[in-house]
Amino acid sequence: MQTNIPYILFCCIFILLSPSFITAQEIDTISGIRIEAERDTLVSVGEGIPLAQTIKLQDSIMADTIPQPQSNGLLSDRVDYKAQDYIRLSQKENRMYLYNDAQVTYGDIVLNAGLIVIDNNRNEVYAFGIPDSLGNYTQKPIFKQAQKTVEPDSIRFNFDTERALIYNSRTQEANFNVRGEVTKRENDSVYFMQNVRFTTSEDVDNPDYYFYARQIKFVPDKKIVSGLVNMYIADVPTPLGLPFGYFPMTEEEASGFIIPSFGDSNNRGYYLQNGGYYFAISDYADLLAVGDYYTNGSYAINLESNYNKRYNFRGNVSFRYERLLESERGFPDFAEGSNYNIRWSHSQDSKASPSSRFSASVNLGSSEYYRESINQQNTGNFLNNTLNSSVSYSKTFEGEPQVNLSVAARHSQNTNTGVVNLTLPTLTASMSRIYPFEPEVGAKKGIIQNINFQYNLRAENRISTYDSIFFTPQMFDDAIYGAQHSIPVSTNFKLFNYLSVSTGASFEENWVFETYERSFDEETNSVVRDTINGFDRFSTYNFNANVGTTLYGLMNFGGDKKIQAIRHVMRPSVSYNINPAFDQYYDQFEEINPANPDQINLVDYSRFDGTLYGAPGRNFSSSVGLSISNTLEAKVRDKDSTATEPKKVTLLNNFSMSTSYNLAGDSLRLSPISLRGGIPVIENKLTVNVAAQMDIYALDNNNRRIDELNINNGGSLFRFTNANVSFGYSFSSKDFSKDTENKDESENDTYRNGGRPDDLFGKGTDLDGDFYEDEEDPFDDGEEREVNSEWYNYEIPWDFRVNYTMTYNNNARQNEITSHSIMFSGNVELSPKWAIGASSGFDVKLGGFTYTQLRFARDLESWRLNFSWVPFSQRKSWNFFIGIKSSILSDIKYEKRRDRDRSL
């Protein structure tokens, strides 16, 4: 819920529940009452007696300022009491004394204290702490009513009127700790408080900051009326305050104004940011409307809404529009532009409708938004060159066979080129597999019983446009649409008990509603394409088969050896694919040869070129695919002497080789050989991934593949064409401690928008100066650690992650490394209060650092301090922030930033 600054200054007051009660100075007066032992009666601990006796009270309490109402001597509920040491009745004073761990219960009120005095004459109770053997004031009163708890120095409470005087009360409401010098409780609906301090600091008696109010009237769940209030830091008053205030309040969300933050920009002047209004629409939805304004005329509008219906759905939607001006009108460097961004996230509870589901994940807008926006600091998003969106609805129709239906709208946008690809919508339907020859009972066996088929439908309306004409009628001019029906048929069986064979065929029917005829125009000397509206179709089919097996090789070295055994698992497979030629869908037209006007060329074309699914293949293909994968494992003696089984270690993980041979080709029949695999270096931590391609054919003088073996052309047996090596590794201080449990990567805003889940691209900061991943507390990792107040060098928490990649290319005799880079990030907690971090990288090929960010954080108890710095690059900037941690006082802050330079 959003709040304004006046409300923030006094929100700590509205959280006061039951006020507090009496000071330690009065203990001497009360405890100094002379008790005549010969007239006292000892009562066994734990008994309860009715408060019906009436005698005079002769002590200093008679001189109080609370007017005493006439008591009828009757209570509305039973009073129960108990104490650990003794319960003493004074008949002369008509009082009862309960000493040490005393407790009085009256209805929903429970009072605990070291000393409790019950005055039967006035139907009042007094509660105090007691001194221990060292003279310390202990067992202070604890007053509880329903869910409210107050811990004062002393209390005076009347059972008849339920009025109370509370001294030095200490209580907690929401995020606030409150201490009031004197609190007068008129009833459970009205409280008067004097000299009140409230803070979010854990130490309410010695806080690092607090708000001080001289007098307040507090009506729970309704209003607060206050006198002068101002803020103290380290007991030093500050100018921040208000002379008086009237504040309506409720525990539910309430609408209200949002006070903007202010500052100055180096190229737009002074500004007000994020000011507006918060609408609490209902219990299920809200709306935030805020805006920014700069003195050079730039402005922004932001609308954001969250909605949630338990056990049904939840989501949020936001829209932001910015009108940006650079410099001032009339200056030579003046420029203007605008950008926008729309985001929508919707998820449905699985219990709401098991057979249907609706979901949405939308992120679209101007391609320049993340590079030019004046009000977002997510450093990972501007490095991401694509925006993607998807809105889908799916429905399952139970039965035999089961039918699945899905309707989706998708969006993909390249922020570098501005190209936007849309499908509005995509309809897919599928029918579950049908086994027409399966037996009524038992498992399916053999080639016949495993025959199965499906039916799939996919229909699309595809649009390709630019973001400059997005949301305009022009974007629909080049839309193409159609439908594709497919029926895959397959079966599988065992051959010779060792070979697994699978075979299948696929039939496709493609429907389009526009085709394109081509002809040559002699007047313009160009090819003319005519659009033919109307239904048209073409059909295709293909066949495939695959044979594979698994071979095991084992070498034992003996159980007394360090390496006891090595196992080699090899999975060879052979596949065959055939695709017929569909010449019937091709035509010809005559074209004048541009090089020789007297010569006429015949050009083949298909009327389906340019349609949704393209033209069917014209060339017959028949190929055999060969692949083999290898895994190498070892059994080694475990270092743990208590282990009963040897440890399994992977030496080579899924190292595979694959190629294909074109049976229908006249030349270059063997495709390049692909190599791929992983080499584990550190178990479950570091695996080096390698990929490469080798070609047996040579190149001519124009660096084109020719039908000649490379070895016959003076080269080696294989020509190395390209390769890639990459790995990622992360480790932390936890890896070197007894607790080896790794903390999961938190899903941050960068990751939700297509970036990385780690911080190799830097951490994004929100507008209150906090890092996205550390919104709760950057120093709280969920673990409790013993902290030595004098020394902290015995264990320093830290983490480090690194990513490395290198790509080599030699397709056309380049013989060069096309990319070679390393990225790294790390965080170190120097002390329980100091943390630093950095994210950077180095481009080894170009010899320069990649995007670099330095981070510093300081825990100031109730406050937090963050500083982030991008020292170089086009996004060179820094941001300093100090503010109160509690979200309810998030507007009490100081922020200074140097924005990055932007060009429109």
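Atoms considered below: every heavy atom in the structure, side chains included; atoms not considered: hydrogens, waters and symmetry mates.
Judged purely by distance below 3.5 Å, without hydrogens or angles, the side chains of D799 and N827 pair a donor atom with an acceptor atom. In summary, the side chains of R458 and S486 do not present any donor paired with an acceptor at a separation below 3.5 Å, with no hydrogens or angles considered. For the residue pair T852 and S840, a side-chain donor N or O sits within less than 3.5 Å of a side-chain acceptor on the partner. A donor-acceptor contact under 3.5 angstrom links the side chains of K395 and S355, judged on distance only. Between the side chains of R343 and N363, not a single donor N or O lies within less than 3.5 Å of an accepting N or O. With hydrogens and angles left out, the side-chain atoms of T396 and N404 include a donor and acceptor closer than 3.5 Å. With hydrogens and angles left out, the side-chain atoms of E368 and N339 include no donor and acceptor closer than 3.5 Å.
Looking at D467, its side chain does come within 3.5 Å of a backbone N or O of S367 through a donor-acceptor pair. Although no hydrogens or angles enter the test, the distance criterion places a donor-acceptor pair under 3.5 Å between the side chain of N461 and the main chain of L424. In this structure a side-chain-to-backbone donor-acceptor pair under 3.5 Å is missing from N803 to T805. A donor-acceptor distance shorter than 3.5 angstrom exists from the side chain of Q348 to the backbone of F358, with no hydrogens or angles considered. Checking side-chain atoms of N312 against main-chain N and O of R310 turns up a donor-acceptor pair under 3.5 Å. The closest donor-acceptor contact from the side chain of N452 to the backbone of S490 lies under 3.5 Å. Under the 3.5 Å distance criterion, the side-chain polar atoms of S412 are left unmatched by any main-chain donor or acceptor of N388. A donor-acceptor pair under 3.5 Å links the side-chain atoms of S432 to the main chain of Q402, judged by distance alone. Checking side-chain atoms of D349 against main-chain N and O of F313 turns up no donor-acceptor pair under 3.5 Å.
Scanning all heavy atoms of the two residues, the minimum distance from Y585 to S606 falls at O-OG, 3.0 Å. The two residues S318 and E304 make their nearest non-hydrogen contact at CB-CG, 3.9 Å. Considering all non-hydrogen atoms of both residues, G365 and Q413 come closest at O-NE2, 2.7 Å. Across all non-hydrogen atoms, the minimal contact from V407 to P425 is CG1-CB, 4.1 Å. Closest approach of E322 and A300 over heavy atoms only: CG-CB, 3.7 Å. Heavy-atom minimum distance, T611 versus V512: CB-CG1, 3.9 Å.
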* Please assess Y804 against F727 for the test ring-ring contact (aromatic ring centres under 6.0 Å, His included), listing each intermediate value before the final yes or no. => CA-CA 5 Å; Y804 172 84; F727 66 84; 5.4 Å; yes
* Derivation and outcome, side-chain contact (heavy atoms from CB on, under 4.5 Å), residues S656 and S658 -> CA-CA 7 Å; S656 63; S658 62; 5.8 Å; no
* **Criterion salt bridge (charged side-chain N to carboxylate O under 4.0 Å, His left out) on D292 and R320, from CA distance to verdict** => CA-CA 11 Å; D292 309 336; R320 182 171 180 84; 2.6 Å; yes
* To do: Before giving the answer on side-chain contact (heavy atoms from CB on, under 4.5 Å), spell out for Y605 and E517 the whole-Å C-alpha distance, their side-chain angles and the decisive distance to 0.1 Å.
  => CA-CA 9 Å; Y605 79 96; E517 296 287 349; 2.7 Å; yes
* Could you walk me through whether S392 and S359 pass the side-chain hydrogen bond (donor to acceptor under 3.5 Å, both in side chains) check? -> CA-CA 6 Å; S392 62; S359 64; 3.3 Å; yes
* Asked: What do the steps show when you test I822 against V802 for side-chain contact (heavy atoms from CB on, under 4.5 Å), and what is the final call?
  -> CA-CA 7 Å; I822 183 170; V802 59; 3.7 Å; yes
* **Steps toward side-chain contact (heavy atoms from CB on, under 4.5 Å) verdict (H411, V362)** => CA-CA 8 Å; H411 150 266; V362 175; over 6 Å; no
* Run the salt bridge (charged side-chain N to carboxylate O under 4.0 Å, His left out) check on E509 and R537 step by step: do they pass? -> CA-CA 7 Å; E509 173 86 358; R537 53 167 291 277; 2.3 Å; yes
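Residues I434 and Q454 are not in side-chain contact: their nearest non-hydrogen atoms beyond the backbone lie 4.5 Å or more apart. Taking 4.5 Å as the limit, every side-chain heavy atom of Y369 sits out of range of all side-chain heavy atoms of L387. Annotation: side chain of E460 is in contact with side chain of L612 (closest heavy-atom distance under 4.5 Å). Side-chain contact between I463 and D478: absent, with no pair of heavy atoms (C-beta onward) separated by less than 4.5 Å. With contacts defined as side-chain heavy-atom distances shorter than 4.5 Å, the pair Y729/K685 qualifies. Taking the side chain as every heavy atom from C-beta outward, F842 and M823 never approach each other to under 4.5 Å. P616 has its side chain within reach of T540: a pair of non-hydrogen atoms, C-beta onward, lies under 4.5 Å apart. Using a 4.5 Å heavy-atom threshold, the side chains of S539 and E508 count as separate.
Atom CZ of F471 has more than 12 heavy atoms from other residues, nucleotides or ligands within 6.0 Å. A 6.0 Å sphere centred on NZ of K309 holds no more than 12 heavy atoms belonging to other residues, nucleotides or ligands. R518 CZ: more than 12 foreign heavy atoms inside a 6.0 Å radius.
Atom OH of Y294 sits about 10.0 Å away from atom CG of L272, to the nearest 0.5 Å. For the atom pair CG (N544) and CG (N579), the distance works out to 9.0 Å, reported to the nearest 0.5 Å. Considering CZ of F470 and OG of S366, their distance stands at 10.5 Å, rounded to 0.5 Å. Atoms CG and CD1, from D477 and I469 in turn, are 7.5 Å apart once rounded to the nearest 0.5 Å. For the atom pair CG (L288) and CD1 (I258), the distance works out to 6.0 Å, reported to the nearest 0.5 Å. Taking CZ from F824 and OG from S839, the interatomic distance works out to 9.0 Å, rounded to the nearest 0.5 Å.
Outside the 6.0 Å centre-distance limit, the rings of Y293 and Y299 are not counted as a close aromatic pair. With ring centers used as reference points, Y271 lies 6.0 Å or more from F262. The aromatic ring centres of Y340 and Y321 sit 6.0 Å or more apart.
Ion pairing between E326 and R268 holds under the 4.0 Å rule for side-chain N and carboxylate O. In this structure, R323 pairs ionically with E336, as a charged nitrogen and a carboxylate oxygen lie closer than 4.0 Å.
Screening N689, N809, T807 against N724 for a side-chain hydrogen bond (donor to acceptor under 3.5 Å, both in side chains) leaves a single residue, T807. The ring pair (Phe, Tyr, Trp, His ring centres under 6.0 Å) test with Y481 is passed by exactly one of F535, F513, F476, Y613: F513.
A cation-pi geometry, defined here as NZ or CZ lying under 6.0 Å from the six-membered ring centre and within 45° of its normal, does not hold between R607 and Y516.
By the 30° and 60° cut-offs, the orientation of the rings of Y541 relative to F507 is tilted.
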